[in-house]
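Okay, structure first, notes after.
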2 protein chains.
Amino acid sequence: MLAPMANRAVTMEDVAARAGVSRALVSIVFRGAPGAAESTRQRVLAAARELDYQPDTRASRLGRSRTRTRTLGVVFGVGHDFHGDVIDAIYASAGPADYEVVLSGVTRHRSEDVAVRTLLAEKCEALLLLGSGLPAKEMVRLAVTVPVVSLLRPVRAAGVDVVRTDDAGGLAQAVAHLGELGHRRIAHLDGGRNAGAAERRRGFRTAVRRLGVEAEGVELAGGLTEEDGAAAALELLALPGPRPTAVTAFNDRCALGVMDVVRRHGVRVPEDLSVVGFDDIEQAAYRHVSLTTIRQDVEALGAAAIERVRARLDAGDESTRDVVVPPTLVARESTARLDIGP
Amino acid sequence: MLAPMANRAVTMEDVAARAGVSRALVSIVFRGAPGAAESTRQRVLAAARELDYQPDTRASRLGRSRTRTRTLGVVFGVGHDFHGDVIDAIYASAGPADYEVVLSGVTRHRSEDVAVRTLLAEKCEALLLLGSGLPAKEMVRLAVTVPVVSLLRPVRAAGVDVVRTDDAGGLAQAVAHLGELGHRRIAHLDGGRNAGAAERRRGFRTAVRRLGVEAEGVELAGGLTEEDGAAAALELLALPGPRPTAVTAFNDRCALGVMDVVRRHGVRVPEDLSVVGFDDIEQAAYRHVSLTTIRQDVEALGAAAIERVRARLDAGDESTRDVVVPPTLVARESTARLDIGP
DNA sequence: CGTGGGAACTAGAGCGCTCTAGTATCGGCA
DNA sequence: TGCCGATACTAGAGCGCTCTAGTTCCCACG
């Protein structure tokens, strides 16, 4: 109540007047900057509360632009559940580092290009791209103007930092796990051109080789979605010769698709076929699913991304880094020891 | 090229200088406001292009605040696939209406409260809440300051517009469809306290009654996720008496969970059990899933939300509306005619 | 007693736009 | 010829903050 003026938003000016100090002092208090006596600080905060003052971020960012805006732009796939987890981690790390986060979503009708442009128009100081599909050339172009971190997608682009999971290592863990359970004939459902797919494929091959001479890796086309997994399952079932006894899928969703389809063809999981996913999305942990998978360390990914931004912006680091975060195997019930003989 | 000053961002001033006009004129051109000769307009645009000028949205919004900011805040669940579809539709409708969209995500560690506060600090002119979990009281409080549209979640809150699917009607369609296929004993997996659940339950009951005296509706606890569906499936299988021959699930994910579990218990879908979902998420259309479902008209929902905002903001409409968008049945292969007798 | 220095606070010039109130120019018409 | 009104353009005052360069005050210290 006591609106300072009819129907006009409360500004710092109003708070200052009420607290009996200057506008600058209110600014100091709200920014948490040094130079305000504790007693005054309390008085200002009280005044703000009484007037229900809401600081204006637009004005704040604009005012700051002479020095630093401390704003981070994040491009992500709207509705992409794993991106959600990463964003969560980014929020968590950005706050303590005193960075604001602005989201820009990619949807069917809103391209990554538009998403990026919007963020640049907001004068973000750095860009975090989640699983970006932008061509490396384009990223390089962007990186000239503003620090760019490619999350989840490895790119070799000058000036573009990469923060990603050790995809190859993840697959190595998956295959090793299956190896220990006695599996030797293992299929990999490939991710094609998707972020991380090449690395995972490489990890798969190396790990199978390491399993010994009797081990054999079979590669099938997979993909991002349950549908891709379902298609791969049909291929798997139609394979000539002895059927692989285990499968590593490009990701959890793909794994879910495989399990669904093979089960409907009378193949039991894990008795007849062991399945390993990648990501550890929420569904993987559901009791009726209980998918063994390679968990990406989302918190570490988010923290590393922020760390790169700080290194460049706050510490003046000019080097281009490729930060690789180790994943962990989460053994659940979609994998089992291979029964030799019936 | 020709950077007007070392290492300083290009501003309107620079463009104006290069085009040989005033800053105001550049502003006119970029806002698409009337009052610029075609020839000058071209000259300004050319100058902007040459300097690679990026308008600053923060400054623009701030400058506008004397009149209108034309900015819409959207609160959504990060990683919630259906929200992604709706956001897409919102983007599509907001553009032509000349509104900017600012997203604010809700995650495990970022509450809806924080999301809303952030948007208010951006001085959004209206708030669109997707499947909000805010208490009605809180919404009313917000609606005093700024127009609030609750999308997907019906709330009876003074001053809060609601835009939602005809949930009851959707379930009526589902039950009618099953009725036509000969089903009389039908289960409904309830959504508990989730957005739209009460309406769907009501629709289910009415529709079953309409099916005639021999029809019977069975209600089981369901939920939002596959896991909830899986749990419900177990309950369904353990039900005493003749088993329902059809199920309507609270949503598609829940339906997927049911199908997964019942199939593993040897129950065939659709031969032994017909299943109907709700939403029509992408997965429902996958070939190996082919889920019959009630499709929510996302485009219409988005358009209606924007329409409400325009009505209040651009047309001064003061009434509180409850906009109900009709859904449509998408018949796929998870439902089939009931075989009477073996 | 003077003085140096730090803490607490303020004045005011930006930040990059928008937009109102104006000026200049010109064609058309009585 | 003079005047009107439309069109094209500009000046300059905001918008609500930030932040530098002060000013004031007080206390410790020589």
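Being a predicted model, the structure only gives us computed values, none of them experimental. Numbers restart at 1 for each chain; the letters A, B, ... are given by sequence-line order, proteins then strands.
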Length of the line joining F30(B):CZ and dG16(C):C1', which is rounded to integer Å: 13 Å
Sugar-phosphate only, base, or nothing, as touched by A37(B) at under 4.0 Å among non-hydrogen atoms: sugar-phosphate
Nucleotide dG22(C), atom P - distance to CD1 of I28(B) in whole Å: 17 Å
Phosphate contact (dC17(C) OP1 or OP2) by S60(B) side-chain N/O below 4.0 Å: no
Sugar-phosphate only, base, or nothing, as touched by A33(A) at under 4.0 Å among non-hydrogen atoms: nothing
Atom-to-atom span, CD of Q54(A) to P of dC17(D) - whole angstrom: 11 Å
Protein-nucleotide distance (L25(B), atom CG; dT7(D), atom P), rounded to Å: 16 Å
Options dC17(D), dT18(C), dA11(D), nucleotide nearest the side-chain atoms of M12(A): dC17(D)
Residues R110(B), D88(A): salt bridge by 4.0 Å N-O rule: no
Whole angstrom value for the distance that separates P of dG14(C) from CG of L62(A): 14 Å
N/O (side chain, T67(B)) to phosphate O (OP1/OP2, dC19(C)) under 4.0 Å: yes
Sugar-phosphate, base or nothing in reach of R23(B), heavy atoms under 4.0 Å: base
Protein-nucleotide distance (E125(B), atom CD; dC15(D), atom P), rounded to Å: 16 Å
Side-chain N or O of S27(B) closer than 4.0 Å to phosphate OP1/OP2 of dT18(C): yes
E50(B)/R18(B) salt bridge by N-O under 4.0 Å criterion: yes
Below 4.0 Å: OP1/OP2 of dC19(D) and any side-chain N or O of R31(A): yes
dT10(C) OP1/OP2 closer than 4.0 Å to side-chain N/O of S22(A): yes
Upstream residue (5' side of DNA chain D) when E38(B) and A59(B) are each assigned their closest nucleotide: E38(B)
Touch class at under 4.0 angstrom, heavy-atom based, for R66(A) against every strand present: base
Nucleotide of dC17(D), dC15(D), dG16(C) approaching T11(B) most closely (side-chain heavy atoms): dG16(C)
Pair D317(A) + R308(A), salt bridge at N-O below 4.0 Å: yes
Basic-acidic side-chain contact under 4.0 Å: R68(B), E125(B): yes
d(CD, E13(A); P, dA11(C)) in whole Å: 10 Å
Gap between atoms CZ and P, on R61(B) and dC15(C) respectively (whole Å): 20 Å
E307(A) bridged to R310(A) by N-O distance under 4.0 Å: no
Closest to the Y53(B) side chain, choosing from dC17(C), dT10(D), dT10(C): dC17(C)
Contact under 4.0 Å: T40(B) side-chain N or O vs dC9(D) OP1/OP2: yes
Electrostatic pair R61(B)-D56(B), nearest N-O below 4.0 angstrom: no
Candidate nucleotides dC17(C), dC9(C), dC15(D), ranked by approach to the side chain of D56(B) - the nearest: dC17(C)
